[in-house]
Amino acid sequence: MKEEELTRQIVLVQEAGKGVVRTKDGACAEVWQALEELEKGLCAGTVRVEGMAAAPPSYCFVAFPPRAKDGLVVFGKNSARPRDEVQEVVYFSAADHEPESKVECTYISIDQVPRTHAIMISRPAWLWGAEMGANEHGVCIANEAINTREPAAEIEALLGMDLVRLGLERGETAKEALDVIVSLLEEHGQGGNYYEDANSCHSFQSAYLIVDRDEAWVLETIGKYWAAEKVTEGVRCICNRLSLTTKMDAEHPELRSYAQSQGWWTGEGEFNFSEVFSPVEDHLDCGAGKDSLEKQEESITVQTMMNTLRDKASGVCIDSESFLTTASGVSVLPQNRSFPCIHYFTGTPDPSRSIFKPFIFVDDVKLVPKTQSPCFGDDDPAKKEPRFQEKPDRRHELYKAHEWARAIIESDQEQGRKLRSTMLELEKQGLEAMEEILTSSEPLDPAEVGDLFYDCVDTEIKFFK
């Protein structure tokens, strides 16, 4: 091996953010061993590529009364992911677990708790966690991948999406879910490849919007360090940049001393979280997406939130060469606890061409295999190391049916217009039925809604066929 090539590889390894490149011959065994040791713990089988794109711009919103209509808290999330990635919508019932049992997350296993809550989540089909979801107690969580001044760890730890699911499974309120997430973050750390990609390790820090019937928490993280703000009124939006400034209602006890140790804060004057931890050159602008909901003059409804998530002009709905809004969700949380929370999921890409389908937590929920991707078990390339050497077909039945509909909409203007009109009519019927539930004086009959999401998915697929 030439000396300059060897030097180049050593420098690459030392600069952990730029990755690992293997030597190709047996020369200099000591360096080979050093490379192998330094590579351990990095995203398995990957090379970090300098100049990699920033986190995709996805958005998450919450609106509280009186900005939201009729005493409802309205929550919405668009998940911007690689455009060929499939998201599935999956229900998990509440469950009891044996003492000292473990739960296998995307990359690592952690201690399980005695009982987990029932959850409904939308997630990239290759991983364990969730991009967004809700639990039986009316808690909703979504996360955003963010770039910060401190590079995200490439070690395999908990993904931000794992923490979304863990918060839903273990928290009965938004504050409880917040406490779960920060506790696990401090214990296990965050890191690992966010994408099903063998060529590059895409790792990010995470921000979360955690909502229940009474309040929301905006949580933003830097490694194991974090800060959070409580929200109880108005409209709040988070996207792929830090948003917390000087108002922090909770924070890691060593957050400020850590910022000082890095030379990012002098310790004098007011502590501004975004100013301290944002990248030096942060050109990302979430303003248009944020304004798209905040500037609504009338009361915000479920339909308002869905329209906002479908808005491509503002950048809320992503459809670019690399990224697409691969799934969307909206939740309605009545502050009056005599009414049920209603959660809407698309389970398909591009909300402007998808149907939001309602789901309500009851004791006997009918499972929906048609929104679940195939299971590859231990043979899944996402579980075997080196990871992601293949990309299996993860399309579920609803996704395949929706592909046909998208093709029609794109290829035949007249037929596509009629198809989209019929899709929106199906959605409207579902919204009207849910409106009746939220305004009825009669108690909800669980038997009538246990198969609600199943029936909506089944109707949509039959319509496409």
Side-chain angles (χ1 to χ4, degrees), residues 53-62 75-82 85 87 106 121-124 127 129-134 140-153 158-168 174 177-178 181-182 185 190-195 202-211 216-223 225-229 231 235-245 273-274 277-279 282-290 292-293 305 308-309 314-318 320 322-331 351:
S58 56
Y59 288 83
C60 189
F61 302 90
V62 64
F75 168 90
K77 156 76 173 174
N78 265 355
S79 175
R81 300 283 300 171
E85 186 178 75
Q87 278 203 37
T106 301
I121 58 175
S122 182
R123 66 177 182 184
L127 54 77
E131 272 280 282
M132 56 197 151
C140 301
I141 310 178
N143 96 308
E144 303 285 352
I146 54 175
N147 295 100
T148 68
R149 199 167 191 169
E150 178 169 300
L158 290 175
L159 284 178
M161 291 169 282
D162 292 338
L163 289 164
V164 170
R165 178 170 172 178
L166 290 163
L168 291 171
L178 168 74
I181 291 172
V182 298
L185 184 67
Q190 60 178 317
N193 202 342
Y194 263 59
Y195 301 151
H202 310 263
S203 56
F204 303 102
Q205 310 285 14
S206 295
Y208 304 83
L209 187 58
I210 310 168
V211 182
W217 287 85
V218 176
L219 169 65
E220 297 181 347
T221 67
I222 313 290
Y225 301 98
W226 57 272
E229 179 186 351
V231 182
V235 175
R236 188 60 182 266
C237 165
I238 66 170
C239 67
N240 299 101
R241 65 177 301 173
L242 296 174
S243 65
L244 300 181
T245 55
F273 186 84
S274 294
F277 290 108
S278 291
D282 184 6
H283 302 301
L284 182 64
D285 181 15
C286 298
K290 180 172 178 283
S292 64
L293 190 66
M305 186 66 77
T308 298
L309 296 183
S314 69
V316 171
C317 183
I318 302 300
S320 69
S322 301
F323 297 105
L324 179 67
T325 298
T326 54
S328 305
V330 171
S331 290

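Hydrogens, waters and symmetry mates play no part in the numbers below; they use all other heavy atoms, side chains included. As the structure is a computational prediction, the values presented were derived from the model and not from experiment. For this chain, numbers begin at 1 and follow the sequence in order.
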Mind checking the CZ-CG spacing from Phe277 to Asn147? Nearest 0.5 Å is all I need. 15.5 Å
So, Asn78 and Ser58: side-chain donor and acceptor under 3.5 Å apart, yes or no? no
Between atom OG of Ser328 and atom CD of Glu131, what is the distance when rounded to the nearest 0.5 Å? 10.5 Å
Close side-chain approach of Cys237 and Leu293, heavy atoms under 4.5 Å: no
Taking the side chain as everything from C-beta on, heavy atoms only, tell me whether Met161 gets closer than 4.5 Å to Tyr194. yes
Taken to the nearest 0.5 Å, the spacing of Leu324 CG from Glu85 CD works out to 10.5 Å
Arg81/Tyr195 under side-chain contact (heavy atoms from CB on, under 4.5 Å): CA gap, chis, key distance, verdict: CA-CA 8 Å; Arg81 300 283 300 171; Tyr195 301 151; 3.5 Å; yes
Taking all non-hydrogen atoms of both residues into account, name the closest pair between Cys239 and Glu144 and its distance. O-CB, 3.6 Å
Does any N or O in the side chain of Lys77 come within less than 3.5 Å of the main-chain N or O of Asn143, such that one atom is a donor and the other an acceptor? yes
Quick check for you: to the nearest 0.5 Å, what is the distance between Ile222 atom CD1 and Glu150 atom CD? 7.0 Å
Nearest 0.5 Å, what's the CG-CD distance between Leu242 and Glu220? 5.0 Å
Examine distances only and state if a side-chain atom of Asn240 and a backbone atom of Ile146 form a donor-acceptor pair shorter than 3.5 Å. no
Distance in Å, Arg236 CZ paired with Phe61 CZ, rounded so as to fall on 0.5 Å steps: 12.5 Å
Within-4.5 Å side-chain heavy-atom neighbours: Met305 and Phe75: no
Using only atom types and a distance under 3.5 Å, with no angle test, would you say the side chain of Ser122 pairs donor to acceptor with the backbone of Met132? no
Partner of Leu158 under side-chain contact (heavy atoms from CB on, under 4.5 Å), chosen from Leu163, Leu185, Ile181: Leu163
Closest heavy-atom pair and its distance - Gln87, Ala327: OE1-CB, 3.4 Å
Which heavy atom of Leu127 sits nearest a heavy atom of Leu159, and at what distance? CD2-CD1, 4.1 Å
Any side-chain donor near an acceptor of the partner, Thr325 and Tyr59, under 3.5 Å: no
For a quick test of reading the model, state the closest non-hydrogen atom pair linking Gln190 to Ser206 and the distance between them. OE1-OG, 3.4 Å
Nearest heavy-atom pair of Ile141 and Gly167: which atoms, and what distance? CD1-C, 3.8 Å
side-chain contact (heavy atoms from CB on, under 4.5 Å) partner of Tyr208, chosen from Ile238, Val164, Leu178: Val164
